[in-house]
Amino acid sequence: MANTDKNSYTIIFAIVMVLVVGALLAFTASSLKPTITENERFEKQQNILYAMGINENVEGSVNFIPTAEVEAEFSKYIKQQLVIQNGEVKQDSAAYLIDLKGELSKDMSERKLPLFVGEKEGKDYYIIPLYGKGLWDAIWGFVALDADYVVQGVFFDHKGETPGLGANIKERYFMDDFTGEEIMNGTQYEGITVAKGNNDPLNDRKDDGKVDAIAGATITGNGVTAMINSTVKLYIPYLKDIKL
Amino acid sequence: MALLSKKDRGLIMDPLADNNPITIQVLGICSALAITAQLKASIVMAVSVLFVLSVGNVVISLMRNIIPSKIRIIVQLVVVAALVIIVDQVLKAFAYELSKTLSVFVGLIITNCIIMGRFEAFALGNGPYRSFLDGIGNAAGYGAILIIVGFSRELLGSGTLLGFKVLGDPIEKTGLYAIGYENNGFMLLSPMALIVVGIIIWVQRSRNKTLIEEN
């Protein structure tokens, strides 16, 4: 056995280890990448459809439509995929692949905002993607509005919020509260606030623009408020010109 | 014929009771506080650590004679990190839903002191088979405490178990809530995990006096 205490041995060992582990990880990552990208694409379609109420929810739990059917369902229910850039609204059949995080950090003139128009049982929906910050990491989602800017459904997800607290933004009891809330207060843009102590835990008052916050997750809740208010606001000027 | 020799059985059984990594060695407390607000998260974490610790222990044990002692901690970190990343990638490709639940834990597993502790204390000095058993035992001991803490925190804090409302509905006042019971929101916060672990340590040491250290 070689002397494992020698400096030269240590350095060679470190180099070999880095090369071997690096190659192993690079190989795993690149060979699995196509499958992973595909999974992420299906997930996005499932999320968009979830927001407009196309899901397989049973009581209390979140269930998407099966991955195998999502592509067909997506083209069936989503009538238009639009991109708003520089004040112009254009059709773009790959709008759902746009990474909203990247676009929001761009200059106004280069920013492409994706928007979806869906139709279910004769009713039309605008579906707006959302992106913002929670307590630990990114949060994102989709909100479906009808022609009067009343919320018809939302979907939220997060990267690393605290399990049992902030992570509950993707639970039914939180997401379902948004349905029926009004984004506009008359002609004034109001958004939706995740509020503590609005004395309405069952969310019976739908016209106040407030939903009940999750106890112990104030910062995640504030993040959801900020995410909805800042992102949806960008779309409001264009929505009235888009024919449903 | 016994499946395991007495010594090997000790490797698995000791960490479950009188040499528990959390309550006796006080390792891995950080993740025990962070993720035990829900029973499901505790179970997922326990299974993940079981996998990483047993496989990692075997890998380190196979490499124990060629690892330069000066950089052994770095080597251990690289092994854990590589294992966790590979598992995460494979899950993302073939079990996407599950990987979303797990992603929170990836960072926590890499920095879990039980894993580093067992590599350093056991795998570096023992053969692969015994290291594997040691990994299983310690991860099970860790997981058992995690599940006890997760169980009591979810039950007393949210009135649910694995998401099911076992105590009735707190808003519509059914079940236990009808007679005035309230959830203790404090149980959902990390400090209560520490107190629950403290209670477990207290119970364990008063049952087995030999565990109490002399001054």
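In what follows, chains are A, B, ... by sequence order, proteins preceding strands, each numbered from 1. All figures in this text were calculated on a predicted structure; none of them were measured in a lab. Below, all heavy atoms of this structure are taken into account, side chains as well, without hydrogens, waters or symmetry copies.
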> Check whether more than 12 heavy atoms from other residues, nucleotides or ligands sit under 6.0 Å from atom NZ of B/Lys165, and answer yes or no.
no

> Can A/Tyr96 and A/Gln81 be counted as having a side-chain donor-acceptor contact under 3.5 angstrom?
no

> Given heavy-atom pairs under 4.5 angstrom as the criterion, report whether the side chain, backbone, both or neither of A/Ala29 touches chain B.
both

> For chain B, which candidate among A/Thr37, A/Val18, A/Asp157 shows the most heavy-atom pairs at distances under 4.5 Å?
A/Asp157

> Under a 4.5 Å heavy-atom cutoff, which of B/Ile74, B/Leu188, B/Ile85, B/Val78 has the most pairs with chain A?
B/Val78

> Let me know if B/Val79 has heavy atoms under 4.5 Å from chain A in its side chain, its backbone, both or neither.
neither

> Using non-hydrogen atoms only, which part of A/Glu43 is less than 4.5 Å away from chain B: side chain, backbone, both, or neither?
side chain

> Tell me yes or no: between the side chains of A/Asn168 and A/Tyr173, is some donor less than 3.5 Å from an acceptor?
yes

> For B/Lys92, which atoms come within 4.5 Å of any heavy atom of chain A: side chain, backbone, both, or neither?
both

> When only pairs under 4.5 Å are counted, which of B/Ala93, B/Ala37, B/Ser69, B/Gly157 shares the most heavy-atom pairs with chain A?
B/Ala93

> With respect to chain B, which residue among A/Thr28, A/Thr10, A/Thr35 yields the maximal number of heavy-atom pairs within a distance under 4.5 Å?
A/Thr10

> Are side-chain N/O atoms of B/Glu154 and B/Thr160 paired as donor and acceptor at under 3.5 Å?
yes

> Per the side-chain contact (heavy atoms from CB on, under 4.5 Å) rule, which among A/Thr225, A/Val151, A/Val143 passes with A/Ile192?
A/Val151

> Taking the six-membered ring for Trp, are A/Phe142 and A/Phe155 closer than 6.0 Å centroid to centroid?
no

